[in-house]
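Values below: every heavy atom of this structure, side chains too, minus hydrogens, waters and symmetry copies.
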Amino acid sequence: LPWPAQTSLRHLLTGADTLQRFPVAGLPFSLVNNYGPTECAVVATSGVVAGGTGHGLPSIGFPIDHVTVRILDEQLRDVAAGETGEIYIGGAGVARGYRNRPALTVKRFIADPSGAEGGRLYGTGDLGYFLPGGEIMFAGRIDDQVKIRGHRIELNEINVVLNEHLSVQASVVIAREDVPGDKRLVAYVVPAAGVARDEAGVRELVRRRLPDYMEPSAFVWMDALPLTPNGKVDRAALPAPNADARREGGFVEPATPLEEGIAKIIAETLGVPRVSMADDFFALGGHSLLGAQVVARVREVFGVELQLLDVFDAPTAAELSQKVEEAITSRLDAMTDEEINAALSASR
């Protein structure tokens, strides 16, 4: 929000949780983003965040004096600039360990793998990467990584992209398993004040920036994200997505037997009770593997061959019905009268 120029505030420090947005331009004070776990005397990196400079997450700045930051891979090797790894902190602020917890101390406080004499590093469990100028970007928690259909996903990477869209004020993405064995990504989004909700635009941004397996299967728009007493997002209080609640424009019934058959195939594949002809297959939780199942069921029921790309190009039941109708018409046009009569006889 804009601030009055006559404010007496000169410096505003923020920390303890992820700074989600850049401030507006022209603030009459400096905004300083601090980062650091308690095990490293609270502040380990710090940086002034310029107002009006962009969307997404601001950086967490540079290491403060007498602190070193290393970003290492699973083999404790330094990663290249721009590559994500675990943030390790060394220097004067690193604690001795955890009181009366020697096993945890050994796990989290390690000897500096560079071989520096007496050097110790604390493994934060946070993910990050270096920008070309040496600033550090926070990229989420290691324990926020999830595995969806064989792909390892860092949920915060999705949040970063969502928050770049002008219609998004804040967001959080979680993996839900409301149906046993079917884990799906769900995005909870708070719309920006004074901006119309633009789910189609948000989805387009995600599809342009991220692989398809990282696109949330459902978006739940909320007035505010639920918070715990200490002010962090209460993930346990996030509601399950509801297909009818997400549907815009009301339910559209099938108009022909073919449309009814396609809607039934999609509903059974997704495990939902019904599908509107206007519903987007991917918005209801579809993905490429389920799309392949739809293609197989269409072949079995209607005897025509679709490609998986057809499901992406025609994601609604109405559009896919049109694709199937075109395939049936094309097949009939290529058949002789004898073949058509034989097919009709076989179907009786």
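Between T14 and N33, the side chains place no donor N or O within less than 3.5 Å of an acceptor N or O (distance only, hydrogens not considered). Counted by atom type alone, T316 and E319 present one or more donor-acceptor pairs between their side chains at under 3.5 Å. For Y122 and E39, the side-chain atoms include at least one donor-acceptor pair closer than 3.5 Å.
In this structure, N156 contributes its side chain and N159 its backbone to no donor-acceptor pair below 3.5 Å. A distance-only check finds no donor-acceptor pair linking the side chain of N163 to the backbone of V160 [under 3.5 Å]. No donor-acceptor distance shorter than 3.5 angstrom exists from the side chain of D280 to the backbone of P315, with no hydrogens or angles considered. Side chain of R77 to main chain of E74: no donor-acceptor pair is present (N/O by atom type, distance under 3.5 Å, no hydrogens or angles). The closest donor-acceptor contact from the side chain of S217 to the backbone of R184 lies at 3.5 Å or more, if one exists at all. In terms of modelled atom types and a separation under 3.5 Å, the side chain of R203 and the main chain of P216 share a donor-acceptor contact.
When each of T228, L225, V172 is tested with D234 by the rule side chain to side chain contact (heavy atoms under 4.5 Å, CB included), just one qualifies, namely T228. With Y88 as reference, I110 is the one residue of V69, I110, T124, V94 to meet the side chain to side chain contact (heavy atoms under 4.5 Å, CB included) rule.
Proximity of the aromatic rings of F281 and F312 is defined here by a centroid distance below 6.0 angstrom, and this criterion is not met.
With a 4.5 Å cut-off on side-chain heavy atoms, L131 and M137 count as touching. V190 has its side chain out of reach of V168: every pair of non-hydrogen atoms, C-beta onward, lies at least 4.5 Å apart. The side-chain heavy atoms of I262 and P254, taken from C-beta on, include no pair separated by under 4.5 Å. Proximity of V202 to S167: side-chain heavy atoms (C-beta onward) are separated by under 4.5 Å at one or more points. E135 is listed as a side-chain neighbour of F62, based on a closest heavy-atom distance under 4.5 Å. Using a 4.5 Å heavy-atom threshold, the side chains of Y98 and R108 count as touching. At least one side-chain heavy atom of W221 sits less than 4.5 Å from a side-chain heavy atom of E199. No side-chain heavy atom of V67 sits under 4.5 Å from any side-chain heavy atom of T45.
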Residues H11, F29; criterion side-chain contact (heavy atoms from CB on, under 4.5 Å); working and verdict: CA-CA 5 Å; H11 305 283; F29 54 84; 5.9 Å; no
Chi angles and distances behind the side-chain contact (heavy atoms from CB on, under 4.5 Å) call for V324, L306: CA-CA 8 Å; V324 173; L306 295 182; 3.8 Å; yes
Stepwise side-chain contact (heavy atoms from CB on, under 4.5 Å) check, T84 with V79: CA-CA 7 Å; T84 300; V79 302; over 6 Å; no
Test log, rule side-chain contact (heavy atoms from CB on, under 4.5 Å), inputs I142 and E86: CA-CA 8 Å; I142 287 177; E86 183 176 357; 3.5 Å; yes
Chi angles and distances behind the salt bridge (Lys or Arg N to Asp or Glu O under 4.0 Å) call for D112, R70: CA-CA 10 Å; D112 189 335; R70 306 270 297 282; 2.7 Å; yes
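When hydrophobic clusters are built by joining Ile, Leu, Val, Met, Phe, Trp and Tyr residues whose side-chain heavy atoms come closer than 4.5 Å, directly or via intermediates, L155 is not grouped with F138. In this structure, V173 is a member of the same hydrophobic cluster as Y213, with clusters built from ILVMFWY side-chain heavy atoms closer than 4.5 Å. One hydrophobic cluster holds both V42 and I89 under the rule that ILVMFWY side chains link at heavy-atom gaps under 4.5 Å. Linking Ile, Leu, Val, Met, Phe, Trp and Tyr whenever their side-chain heavy atoms come within less than 4.5 Å puts V304 and L258 in one cluster. Note on V311: it does not cluster hydrophobically with L289, by side-chain heavy-atom contacts below 4.5 Å among ILVMFWY residues.
Taking all atoms of both residues into account, the shortest heavy-atom contact from V49 to F22 is CG1-CD2, 3.7 Å. Between I158 and L210 the shortest heavy-atom distance is CA-CD1, 4.0 Å. When all heavy atoms are compared, the tightest approach of A292 to L308 is N-CD1, 3.6 Å. Nearest heavy-atom pair across K323 and A314 is CG-CB, 3.8 Å. Shown here for R176 and P239, the closest heavy-atom pair between the two residues is NH1-O, 3.5 Å. The minimum heavy-atom distance between V275 and A317, with the atom names listed, is CG1-CB, 4.4 Å.
Other residues, nucleotides and ligands place no more than 12 heavy atoms under 6.0 Å from the NZ atom of K264. By the 6.0 Å contact criterion, CZ on R207 is enclosed, its count of non-hydrogen atoms from other residues, nucleotides or ligands being greater than 12.
Taking NZ of K107 as the start and OG1 of T105 as the end, the distance is 12.0 Å to the nearest 0.5 Å. Here L320 contributes atom CG and E325 contributes atom CD; the two are 12.0 Å apart, rounded to the nearest 0.5 Å. The line from CZ of R141 to OG1 of T18 is 10.5 Å long, rounded to the nearest 0.5 Å. In this structure, the separation between CD1 on I64 and CG on N34 is 8.5 Å, given to the nearest 0.5 Å. The distance from atom CD1 of I87 to atom CG of L72, rounded to the nearest 0.5 Å, is 10.5 Å. Interatomic distance, S321 OG to I266 CD1, rounded to the nearest 0.5 Å: 7.0 Å.
Contacts classified as ring-ring contact (aromatic ring centres under 6.0 Å, His included) and involving residues 32-51 (residues at least two apart or in different chains) are not found.
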